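Below: one structure, written as structure tokens.
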Amino acid sequence: MSRRNSAPLVGLALDPSAAEPLHRQLYDQLRHKVLSGNLAAGSRLPSSRALARELGCARNTVLSAFDQLTAEGYLEACQGSGSFVTSVLPEELLGLSSAPARQGERAQRMPKLSERGRALTAARRDARSPGVAFTVGMPDLEAFPFELWARLLGRAWRVPAAELLRHGDPAGYPPLRQAIADYLNAVRGLGCRAEQILITSGSQQAVDLVARILLDPGEGVWLEDPGYTGLRGPLVAAGLKVCPVPVDDDGFDLAAARAGSDATRLAIVTPSHQYPLGRVLSLQRRLALLDWAYEQDGWILEDDYDSEYRYAGRPLAALTGLDRSRRDGGGRVIYLGSFSKVLFPALRLAYLVIPEPLVEAVISARRALDDHPSMVVQPALARFISEGHFASHVRRMRVLYAARQQALLAAAERHLADLLDLRPDEAGMHLVARPTPLLAARMDDREATARAAATGLTVSPLSSYYLGEAKQQGLLLGYAAVPEAEMERAVARLATALA
């Protein structure tokens, strides 16, 4: 039995005026704590002297209670170490079903959940692995300018302005909203105003907010298949029906979506670099999707998660910039951006660019649900962007990640040619490795993932990104956080795991 430190015995009290003897009162209270799980197996009880002093009673009173509990099998006395809660209760030895359950056992019993709760647990994502090679979506944390970041945080919080300490704007820190608007207008051509920016605590909160405001429970939402698994939880939480839409070489297949039986007023797409396949939504389909939204009074949520990392050709225009309905004061595209992959995941900051007619409703709903986002890092991020550090960091990372993609491709050609087929991608932070017929005949992508994990590598099976039956097999290999000097060794380990 594993031993624990002395357990705090809160809530013990003896009543000298009661008819029941003091040692019996203490026995009953300690036995109840053991049976209820408040005293876990292996917990060490305080010494008899310490407990007697705390309760204001004679030491013999405590010893009598301890002796009785030990005799009945609730405690174990260890010479020179004290008394400990036994690992197996006498009720358990006798098989008494009426015995109260320990706290740990109660936690193992699945409580009755709501229908939405069961759907949420089913939609959960796998736990993130601490490994670096080849974690998908992980930026190079060592390349981030943390000394500069620390100075910017210090400027804001060494002597904080009073406005930072009060309740904030529900849409976010105004200077940060302005900095984001200026950046998007210059780099992505959105033509938005700071008043349209809403800061959120990550992309999932942004999706949850949009889903709750635009759709009623039971309505459907079109989602790319395969697609980003992190979107499923917020949609299920909003009570929506997730309707998978296939992705081909031209991206989101609107014709297939419309031919299906699931009507909707919301489509979530990654047009600039489809996740996880890397496809680009063709211009023809972009215009058709905008026509659909305009005709059906529908909405498009454009997830522009990694547009900063394009290594060849000109940056692709955002779908939001093509939204023709903006010309008559409307707007059918809601733009979603995030800083997790560009800066570092723990930042937990994302933003929405909201069409003018929706701004007031979305901000009011935000105030009702979450009041305002945390103000701790927003001032530093506002300066990081407005002073040009963000653009400089993106330029450096773009060069670095392009070189690492080339290093991955070169190492794969040497070690994985008979196992995986990798093709270059003009954008992103990962590559999709397709199994060769030789490997596919021996294992699927989930077994390949497990074998890689056994060697300390983190890869993601493409099949896990499908809502229904997986149409393709493959491994997602994130390269952004893998230094070029370590790429060769990591790829060789993967080859050994799969061979």
Side-chain angles (χ1 to χ4, degrees), residues 139 141-188 190-210 212-213 230 234 304-305 308 334-356 358-397:
L141 302 181
E142 295 184 3
F144 185 76
F146 282 107
E147 290 186 8
L148 168 63
W149 182 254
R151 290 197 300 271
L152 296 176
L153 282 172
R155 284 168 59 185
W157 290 103
R158 194 167 291 114
V159 183
E163 64 182 22
L164 297 182
L165 305 177
R166 303 190 183 103
H167 288 290
D169 190 313
Y173 186 52
L176 176 57
R177 296 164 67 196
Q178 184 63 61
I180 292 173
D182 292 342
Y183 174 80
L184 293 176
N185 292 338
V187 175
R188 303 295 287 140
L190 261 61
C192 61
R193 301 187 301 113
E195 290 76 13
Q196 294 176 255
I197 306 294
L198 178 87
I199 308 299
T200 66
S201 299
S203 298
Q204 289 168 291
Q205 186 186 62
V207 172
D208 179 74
L209 188 62
V210 169
R212 290 176 186 272
I213 290 174
D304 203 22
Y305 66 98
E308 289 83 6
I334 302 169
Y335 183 93
L336 169 60
S338 172
F339 295 103
S340 295
K341 293 178 176 63
V342 188
L343 303 183
F344 50 93
L347 193 60
R348 296 301 299 154
L349 281 182
Y351 57 89
L352 292 168
V353 182
I354 307 163
E356 294 279 5
L358 272 182
V359 168
E360 184 177 350
V362 173
I363 292 178
S364 296
R366 172 60 182 273
R367 181 181 284 111
L369 292 172
D370 192 34
D371 198 14
H372 63 87
S374 171
M375 289 293 292
V376 175
V377 299
Q378 289 189 70
L381 182 56
R383 290 193 175 101
F384 191 76
I385 298 173
S386 63
E387 295 177 6
H389 308 301
F390 180 79
S392 298
H393 178 68
V394 168
R395 286 194 295 270
R396 289 194 302 271
M397 294 303 98

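Being a predicted model, the structure only gives us computed values, none of them experimental.
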Original post:
Within a strict 4.5 Å, meaning less than it, do heavy atoms of the Val187 and Val394 side chains meet?
Top reply: no
Donor-acceptor list for residues 361-369 side chains, cut-off 3.5 Å, not counting sequence neighbours:
from, atom 1, to, atom 2, distance (Å)
Ser364, OG, Glu360, O, 2.9
Arg366, NE, Asp370, OD2, 3.3
Arg366, NH1, Ile199, O, 2.5
Arg366, NH2, Asp370, OD2, 3.2

Original post:
Residues in ring-ring contact (aromatic ring centres under 6.0 Å, His included) with Tyr173, at least two apart?
Top reply: none
Original post:
Would you say the ring centroid of Phe384 lies under 6.0 angstrom from that of Phe344?
Top reply: no
Subject >> Point-to-point distance, once rounded to the nearest 0.5 Å, from CG of Leu176 to CG of Leu381 >> reply: 5.0 Å
**OP:** For Leu164 and Pro379, work out which heavy atoms get closest and say how close.
**Re:** CD2-CG, 3.7 Å
Kindly list each side-chain donor-acceptor pair under 3.5 angstrom involving residues 150-158, sequence neighbours excluded, with atom names and distances?
from, atom 1, to, atom 2, distance (Å)
Arg155, NH1, Glu387, OE2, 3.3
Arg155, NH2, Glu387, OE2, 3.3
Trp157, NE1, Val376, O, 2.7

Subject >> Under 3.5 Å donor-acceptor, Gln204 side chain and Gly230 backbone >> reply: yes
Original post:
Leu349 and Gln378: which non-hydrogen atoms are nearest, and at how many Å?
Top reply: CD1-CG, 4.4 Å
**OP:** Could you tell me which non-hydrogen atom of Asn185 sits nearest to which non-hydrogen atom of Leu190, and how far apart they are?
**Re:** OD1-C, 3.8 Å
Original post:
Between Pro139 and Ser340, which heavy-atom pair has the shortest distance, and what is it?
Top reply: CG-O, 3.9 Å
**OP:** Quick one: pull up CG in Leu198 and CD1 in Ile354 and give me the separation to the nearest 0.5 Å.
**Re:** 4.5 Å
**OP:** Using the salt bridge (Lys or Arg N to Asp or Glu O under 4.0 Å) rule, collect all pairs that involve residues 175-188, keeping only residues at least two apart or in two chains.
**Re:** Asp169-Arg177, Arg188-Asp304
Original post:
Can you list every salt bridge (Lys or Arg N to Asp or Glu O under 4.0 Å) pair that touches residues 191-208, not counting sequence neighbours?
Top reply: Arg193-Glu195, Arg193-Glu356, Asp208-Arg212
**OP:** Looking only at non-hydrogen atoms, find the nearest pair between Ser203 and Ala350 and report the distance.
**Re:** N-CB, 3.6 Å
**OP:** Could you tell me whether the side chain of Ile334 reaches within less than 4.5 Å of the side chain of Pro355, counting heavy atoms only?
**Re:** yes
Subject >> Residue list, ring-ring contact (aromatic ring centres under 6.0 Å, His included) with Phe339, at least two apart or on another chain >> reply: Tyr351, Phe390
**OP:** Working to the nearest 0.5 Å, report the span between CD1 of Ile385 and CD of Gln178.
**Re:** 11.5 Å
Subject >> Any side-chain heavy-atom pair of Leu141 and Pro345 under 4.5 Å >> reply: yes
Original post:
Can you tell me how far the CG atom of Leu347 sits from the OG atom of Ser338, to the nearest 0.5 Å?
Top reply: 8.5 Å
Original post:
Closest heavy-atom contact between His393 and Pro145?
Top reply: ND1-CD, 3.7 Å
